[in-house]
Structures are given as structure tokens and as C-alpha cells.
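First comes the structure, then the notes that go with it.
Positions are given from 1, in the same order as the sequence printed here.
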Amino acid sequence: MKKNMYTRITIVLFIIGLMIAVQYNTIQKPAERDTRDIWAIREELAEEKKRHSTLLADIRSLNDVVGRYEQSEKTNLQSILNETLDRLKQQAGLTDVIGPGVILRVAPAPELVAMGYNIEEISPDLLTQLLNALFKYDAANVAIDGNRIVHTTAIRDINGQTTVNSVPLSSPPFEIYVGTTSFKEAQKMYSSIQASTFIDSFYLDNFNLVIEEPTEYLTIPAFNHPLTNDYLTEGKKGD
């Protein structure tokens, strides 16, 4: 009888000891906390809401296309398919786009040239940072020195030359065309770039970044290289 009682006491004490050990370990190693301030969290939330709105707009657009397919007679299907193809080409950057936007001009700083500074190739990292900022400011379409930016675009250094889509950039000056969805968005784009640090960043690399006034009509050239994909394959007829 006493043996059973000792066994039970031992088990209870073991459980209590285990619970104390777990609690002590939790106190010593608390879960990592989010230490960002409220504004950083609000900014991330705003970005997520923007992505959510974009996805909802895409879903509505696709639902509209499906509805038109279902309601149309066979004689109209060809025209709807052509419209869908044109829209997809525009989204992929395979067509010229005419609309509101802003022109950025990149040129060597004249005072630095006069003082004998050697103007090097513009940094791919600086161009990439600028491009990321432009899309953050809601750019719809971008072309750098006539090279349309698409989802496969790479900005990198090849044999000492900065390239876009594997095409070497012209020696400065060259232009960056930024298309927007409306003239109001073009004005916002202009103000955002003016208020950013990019003018100073370009000047540190011996370049002037000039932002022209927004315009109602800006032509963004089409992507003129073959698009590559690593995952899609053409299906055989009847598949």
C-alpha cells in the first residue's frame, strides 16, 4: 500500500517539476515580439490592402471576360478572343502605350564634368532602386532608354556596361519614360520623385536626375525582344 502511495507521489512530483521547468524555460526564452513602430506596421498594412485591391480588380476583370464568353454566340467569340489577346499583350508590355506620365532625364552633372571628374557607367543598383521606387509610386509602364520594362527584365552589369534587357544603355544623357493610369497619378508621381532622395543619390554618382512636368500624352514603346518562359509549353492540337 505504502509502495503504491510513494509511486503516486513520485509521479505527481515529476509532473509538477516538469511544469515548473517548462514555465521557467518560457520565461527565459519568450516568443519573439514584433518591435516595429506603428507607422511601419501601418505602411505594410497599406501595401497589403493595395495588393488585395489589385487582386480583386483582376478577379472582376476575369469574371467579366468569362461572362461575355458565356453570353456570346459563336459568331462573336472570335472578337472577344481578339480583345482578350490584345489586353494580355498590353499587360505583358508587347504593345505601345500612349497616356499620361512623367519623363526623367539622366545626364552627367555639368559642373562635375567641368571640374574634370570622370563620369563612370551608371550603377545597375541605383537604376534598380529607382525602378522599384517608381512602381511603388504606382507607375503603370516604364521604359529606360527605349527599353520597355517587363516581368523578365534584368538590369545588370555586362562587361563593364550597364544593360537593360541585355541591351547596353546609351552614354548619358538618356531618358526614362514613366507611364501612369491618369494625369492625377502622373502629378503624384512627379511630387513623389521630387520629394525622394534619388536626386541626391544620382548626384553622388556624378549624374543629374531631372524630372520634367507631367504630360497628358507620353508614348511608352513596346518590348521588342522575344519573351522567354521556363514553365509553359505549347500543347498539341486536341489536348
Check step by step if side chain to side chain contact (heavy atoms under 4.5 Å, CB included) holds for Ile144 and Leu169.
-> CA-CA 8 Å; Ile144 300 177; Leu169 289 176; 3.8 Å; yes

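- The minimum heavy-atom distance between Asn159 and Asp157, with the atom names listed, is N-OD1, 3.7 Å.
- Inter-residue side-chain proximity for Met189 and Val178 is flagged as met; some heavy-atom pair is nearer than 4.5 Å.
- For residues 126-136, the salt bridge (charged side-chain N to carboxylate O under 4.0 Å, His left out) pairs, not counting sequence neighbours, are Glu43-Lys136.
- One N or O on the side chain of Arg148 and one on the backbone of Thr95 form a donor-acceptor pair closer than 3.5 Å.
- Under the 4.5 Å side-chain criterion, counting only non-hydrogen atoms from C-beta, Tyr203 is not in contact with Leu209.
- With sequence neighbours excluded, no residue forms a side-chain hydrogen bond (donor to acceptor under 3.5 Å, both in side chains) with Asp205.
- Side-chain atoms of Asn141 never come within 3.5 Å of backbone atoms of Gly179 as a donor-acceptor pair (strictly under, hydrogens ignored).
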Given side chain to side chain contact (heavy atoms under 4.5 Å, CB included), test Thr180 with Asp138 step by step and report yes or no.
-> CA-CA 7 Å; Thr180 57; Asp138 294 328; over 6 Å; no

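- Contact detail for Ser182 and Pro100: the closest heavy-atom pair is C-CG, 3.4 Å.
- Side-chain polar atoms of Ser170 and Asp145 form a donor-acceptor pair below 3.5 angstrom.
- The other residues sharing a hydrophobic cluster with Val97 are Ile103, Tyr177, Leu218, Ile220, where clustering joins ILVMFWY side chains under 4.5 Å apart.
- No single ILVMFWY cluster, assembled from side-chain heavy atoms under 4.5 Å apart, contains both Ile98 and Val142.
- Looking at Asn165, its side chain never comes within 3.5 Å of a backbone N or O of Asn147 through a donor-acceptor pair.
- Within the 4.5 Å cutoff, no side-chain heavy atoms of Ile155 are placed close to those of Thr163.
- None of Asn208, Val210, Ile176 except one satisfies the side-chain contact (heavy atoms from CB on, under 4.5 Å) rule with Val106; the exception is Ile176.
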Residues 123-134, side-chain donor-acceptor partners within the protein, below 3.5 Å, at least two apart:
| residue | atom | partner | partner atom | Å |
| --- | --- | --- | --- | --- |
| Ser123 | OG | Asp125 | N | 3.2 |
| Ser123 | OG | Leu126 | N | 3.4 |
| Thr128 | OG1 | Pro124 | O | 2.8 |
| Asn132 | ND2 | Thr128 | O | 3.3 |

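- Between Phe183 and Pro214 there is a side-chain heavy-atom pair separated by less than 4.5 Å.
- Here Val167 sits alone; no ILVMFWY side chain lies under 4.5 Å from its own, so it joins no hydrophobic cluster.
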Using a 3.5 Å cut-off and no angle test, enumerate the donor-acceptor pairs between side-chain atoms of residues 191-201 and protein atoms at least two apart in sequence or in another chain.
| residue | atom | partner | partner atom | Å |
| --- | --- | --- | --- | --- |
| Ser191 | OG | Gln187 | O | 3.2 |
| Ser192 | OG | Lys188 | O | 2.9 |
| Gln194 | NE2 | Tyr190 | OH | 3.1 |
| Ser196 | OG | Ile193 | O | 2.7 |
| Ser196 | OG | Phe198 | N | 3.4 |
| Ser201 | OG | Thr197 | O | 3.0 |

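- Between Phe223 and Ile149, every side-chain heavy-atom pair lies at or beyond the 4.5 Å cut-off.
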